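In what follows, a structure is listed as structure tokens, so that the remarks can point back to it.
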Amino acid sequence: MRVLDRTGEKLDLLTVNIGPSHPATHGSLRIICGLEGETIKAAVAEIGYLHRGFEKMVERGTYQQVMPYTDRLNYCSAILNNIAFSKAVESMFEIQITERCKVLRVLMSEFTRIVDHLICVAAALADLGAQTAYFYYFVPREDAMIILEKLTGARLTNSFSRIGGLYRDTYEGFETDVLDFLKKTEESLSDVFKLVDRNRIFLDRTQGIGCITPELAISYGWTGPCLRATGVDRDLRKDQPYFDYQTYDFDTIVGTRGDTYDRLMVRLFEAKESISIVRQAIKRLKPGPINVSDPRVSQPQHEFAYHDMEALINRFKLVYEGVRVPQGEHYDALEAANGELGFFITSDGTGNPWRIKVRPPCLTQFAAFHNLVEGGMVSDAIACLSSINIIAGELDR
Amino acid sequence: MKTLGTDYTKALVPATAADISCAQQSTFDWLASRFPLDQDPLAKLSTSAIVRREDLHEVVQALRDTPEFAYDMLIDIIGIDYLNYPGHQGPRFAVTYLFKSMRFAAHRFQLKVLVDEEDLVVPSLHDLFHIANWAEREVWDLFGIRFEGHPNMKRLLNHFEFVGHPLRKDYPAQKRQWLSTNDPLLDQLEARLRENGMELIDPIPLNTPAVEDVIKGSRR
Amino acid sequence: MSAEIENSPVPQQEAATLPFLTTSLDAVINWGRSNSLWPFPFATACCAIEFMSLMSARYDFARFGTEFMRFTPRQSDLLMIMGTVTYKQAPILRRIYEQMSAPRWVIAVGACASSGGFYDSYCTVPGIDHIIPVDVFIAGCPPRPEAYIEAAVQLQEKIKDESFLTERLARLRDRGEDLPS
């Protein structure tokens with residue numbers, strides 16, 4: 001295809017299609033580019049290859065049955081999705097969760113945030129050719145999977161949170177397992193940091209690549225680590241604290257230029273901050289109930305259900321009809337690993353949700369993708385794509 | 001994009017739930033003094049406004065560009081179908097807009113536009129927020145609400161041969177539709193080239209072979 | 001191949017000293033094929049994350065001969081479909097399968113690829129066997145890495161039962177030709 005440049009120069013462009021089944025498009029995305037040599041002159045992204053109908057499916061079940069579907073939104077940090085959804089439903093009930101549940105939720109959120117960042121950075125470095133980092137990171141990540149399996153019964157799709165609490169309390173020896181994991185993670189984080197810190201290839205391939213200005217990023221609705229990489233100091237954990245985040249001591253990591261390097265480094269350092277939050281949370285873990293004793297949302301204990309008529313009816317209603325959320329509409333969000341993850345819930349007062357809309361942080365980042373890659377090389381587009389951490393399950397729902 | 005001189009590198013003062021509802025109330029009052037609007041009866045936990053369709057663009061622009069509010073981030077656009085919703089009166093569809101401010105931690109606001117089934121058109125906000133482009137395409141795909149002035153009103157999530165709008169309440173959840181071949185996307189690439197200031201001399205040749213040809217070619 | 005050696009007409013002690021080995025062509029070819037499966041990961045969703053675990057140090061899928069991941073269907077003989085396949089994706093999956101050269105095998109990983117899983121909706125294909133033939137299904141949402149390994153071993157067993165010559169004959173008959181004399 002031939003085009004006339006702004007300067008009146010005649011260019012012969014090549015049309016190249018990347019994806020939807022391509023090793024660098026984690027999941028299934030499609031980008032079509034017009035190339036002049038190796039320089040991208042125009043890029044158009046297409047999504048929807050993993051559109052599984054989340055929002056239609058959840059309208060059929062009860063609120064509790066939505067939980068497994070939320071696991072499969074961002075499957076790298078499933079527990080964060082569970083917690084985000086239960087927090088949204090709880091805020092419609094206006095109930096306060098118990099103290100231990102709050103601490104455990106913070107602990108598990110940060111724990112999965114570490115795992116998510118590990119996967120993102122490992123995959124990004126593997127895309128750049130640094131396969132070593134992938135092997136270094138997957139050692140602590142496998143330890144994390146073992147802890148999650150012991151705690152929740154599943155490796156990846158945990159469904160750990162419940163409306164008004166959590167699925168279960170921790171097992172014996174949970175704290176030592178987690179502390180052990182944190183130590184190993186710190187080691188592998190610093191190992192990989194040493195690998196890339198002054199690595200000429202890594203710096204040349206990431207610094208100044210895929211830059212975006214804060215104004216443009218905000219207009220695209222960017223949130224989370226990618227927005228902070230552009231130098232915008234905004235974090236929902238700090239700005240609108242939930243689960244008593246204001247009492248934890250941690251820093252927001254902010255970049256300067258908004259390039260691929262900043263996005264990866266913000267994630268690396270954020271994982272370190274999360275490690276410190278998990279340590280603080282472990283110190284705060286005190287014995288206590290993890291589920292609220294509100295008959296509207298939580299089931300009565302077994303011994304009551306077996307001997308008390310009202311408790312049995314309550315249990316039956318909760319299982320059969322589900323949690324009856326008060327009629328109305330509400331949006332509630334928290335800071336997930338990728339940015340602001342929100343749920344907009346419309347309830348008609350029955351046990352089945354009328355409409356649940358997810359606000360996926362990935363979508364906003366991928367919508368700006370053509371701005372990041374145009375003017376760069378094709379290989380830079382790959383580095384860029386892995387640094388914004390697109391999770392197809394969340395992107396397409 | 002207008003920045004209103006916000007210093008993004010400075011951290012904000014944390015906001016409590018009381019701050020958020022206070023900010024919503026003051027935003028609502030400020031808007032009510034300028035535009036005809038109603039309070040959304042369904043948003044029971046927040047103060048949200050229902051604006052008239054013809055005012056929407058103006059209202060959003062005012063919210064974004066007024067320094068006291070500075071709602072400079074569009075969080076999401078949500079379509080809702082109220083077919084047979086208990087106690088619902090009025091138009092069948094609604095489009096909800098969620099805004100957030102990067103300047104004040106407490107500022108979050110929600111706007112709603114009601115859309116009648118006979119006239120499914122809402123003004124587009126793609127000139128105010130970049131993300132509106134994709135968010136509006138999604139609403140069009142799932143609900144069939146058109147956004148007037150949108151440069152590329154195509155489906156976002158479903159394939160281009162899809163008929164109907166799946167998130168409407170009267171669309172059966174299991175009604176499946178096969179796709180024969182993928183969208184070549186060349187018209188969008190051409191549009192993007194023009195946006196980048198290039199002029200096409202000859203159109204892009206469609207060199208994607210049909211699936212049948214590929215199957216025939218790979219048969220031994 | 002020990003069975004073939006035992007049944008050979010040369011006495012066993014003598015055979016052990018001979019500088020060659022007799023066996024059937026099928027056994028040799030299947031031995032080679034089953035132990036060097038080169039997978040093409042058609043990764044769409046959650047199961048792909050478990051696949052990353054599988055390729056990393058702890059589970060080390062390479063032990064089973066699947067050393068190379070090939071990202072082009074032309075160079076691979078094992079297609080692993082990990083994750084949900086939607087109607088938008090279906091023509092692509094079909095095309096990738098058609099691009100693979102024979103012999104080719106398919107593993108459907110996880111509930112979504114096998115049956116659509118709990119996404120019984122307007123946009124998901126209820127099982128990829130609506131599009132392409134499948135050799136091994138793996139249950140689980142997502143399956144554990146051990147399940148992937150079991151599927152690979154099962155597939156190896158299956159390959160060992162195949163007959164290279166019969167296959168070729170059938171292919172020639174399909175084309176209306178006869179065996180070359």
Side-chain angles (χ1 to χ4, degrees), chain A residues 1-6 10-11 15 30 32 34 41-44 46-48 51 53 55-57 60 91-92 94 214-216 218-221 231-234 238-241 246 252 254 326-331 340 342 344 346 348-349 354-355 357 359 363-364 367-368 370 374 396-397, chain B residues 1 3 8-12 14-15 20 40 42-46 48 72-76 78 80-81 85-87 96 98 102 105-106 108 110 129-131 133-135 142 155-159 166-167 171 173 183 185-186 188-189 192-193 195-205 207:
Chain A
M1 152 196 47
R2 281 174 303 167
V3 295
L4 272 184
D5 203 348
R6 265 209 187 90
K10 204 183 270 181
L11 301 176
T15 321
R30 183 171 168 214
I32 186 161
K41 286 285 167 190
V44 172
E46 196 197 12
I47 65 166
H51 178 54
E55 285 158 16
K56 191 81 177 176
M57 287 294 99
R60 306 191 309 168
S91 67
M92 289 187 81
E94 296 180 272
E215 289 77 25
L216 195 59
I218 287 169
S219 174
Y220 269 110
V232 183
D233 190 356
R234 298 290 181 271
K238 288 268 186 200
D239 300 342
Q240 293 177 4
Q246 70 275 23
T252 46
V254 179
Q327 194 176 32
E329 279 173 356
H330 190 58
Y331 173 80
E340 177 173 331
F344 181 89
T346 306
D348 56 350
W354 186 262
R355 165 125 170 84
K357 170 80 171 72
R359 192 268 175 192
L363 182 92
T364 58
H370 53 266
E374 276 169 8
D396 299 340
R397 283 149 287 149
Chain B
M1 289 296 121
T3 60
Y8 296 124
T9 54
K10 229 170 74 196
L12 298 174
I20 296 171
D40 186 357
L42 270 176
K44 288 179 179 135
L45 299 164
S46 54
S48 315
D72 47 6
M73 186 183 276
L74 175 61
I75 290 287
D76 210 347
I78 299 149
I80 307 165
D81 179 1
Y85 184 85
T96 299
L98 299 174
M102 288 281 115
R108 271 181 186 278
Q110 185 177 320
F129 298 96
H130 279 106
I131 188 60
N133 190 324
W134 275 29
L142 300 175
R155 287 181 184 275
L156 184 73
L157 297 174
N158 286 301
H159 55 75
L167 241 55
Y171 188 94
D183 189 357
L185 288 184
L186 293 179
Q188 287 189 46
L189 186 66
R192 183 68 198 158
L193 280 167
E195 253 176 70
N196 287 354
M198 274 169 261
E199 206 179 300
L200 266 84
I201 302 173
D202 47 355
I204 312 175
N207 55 2

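These figures come from a predicted structure and were not determined experimentally.
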Return the option, out of A:Leu363, A:Val254, A:Thr252, with the maximum number of heavy-atom pairs under 4.5 Å with chain B. A:Leu363
Could you tell me which portion of A:Thr346 (side chain, backbone, both or neither) has an atom closer than 4.5 angstrom to a non-hydrogen atom of chain B? side chain
Contact part of A:Arg359 toward chain B, heavy-atom cut-off under 4.5 Å: side chain, backbone, both or neither? both
Part of A:Gln240 lying under 4.5 Å from any heavy atom of chain B: both
Most heavy-atom pairs under 4.5 Å with chain B, out of A:Ile32, A:Asp396, A:Asp348, belong to A:Asp348
Identify which of A:Glu374, A:Arg234, A:His330, A:Lys357 forms the greatest number of heavy-atom pairs closer than 4.5 Å to chain B. A:Arg234
Quick check: do A:Glu329 and B:Ile78 have side-chain heavy atoms less than 4.5 Å from each other? no
For the pair A:Tyr220 and A:His370, name the ring-plane relationship: parallel under 30°, tilted 30 to 60°, perpendicular over 60°. perpendicular
Relative to chain B, which segment of A:Ala43 carries a heavy atom at a distance below 4.5 Å: side chain, backbone, both, or neither? backbone
Is chain A contacted by the side chain of B:Leu167, its backbone, both, or neither, given a heavy-atom distance below 4.5 Å? both
Between A:Lys56 and chain B, which part of the residue has a heavy atom less than 4.5 Å away: side chain, backbone, both or neither? both
Tell me, for B:Asp81 versus chain A, whether the close heavy atoms (under 4.5 Å) come from the side chain, the backbone, both or neither. backbone
Expected output: side-chain B:Asp72 to main-chain B:Met102 donor-acceptor under 3.5 Å: yes
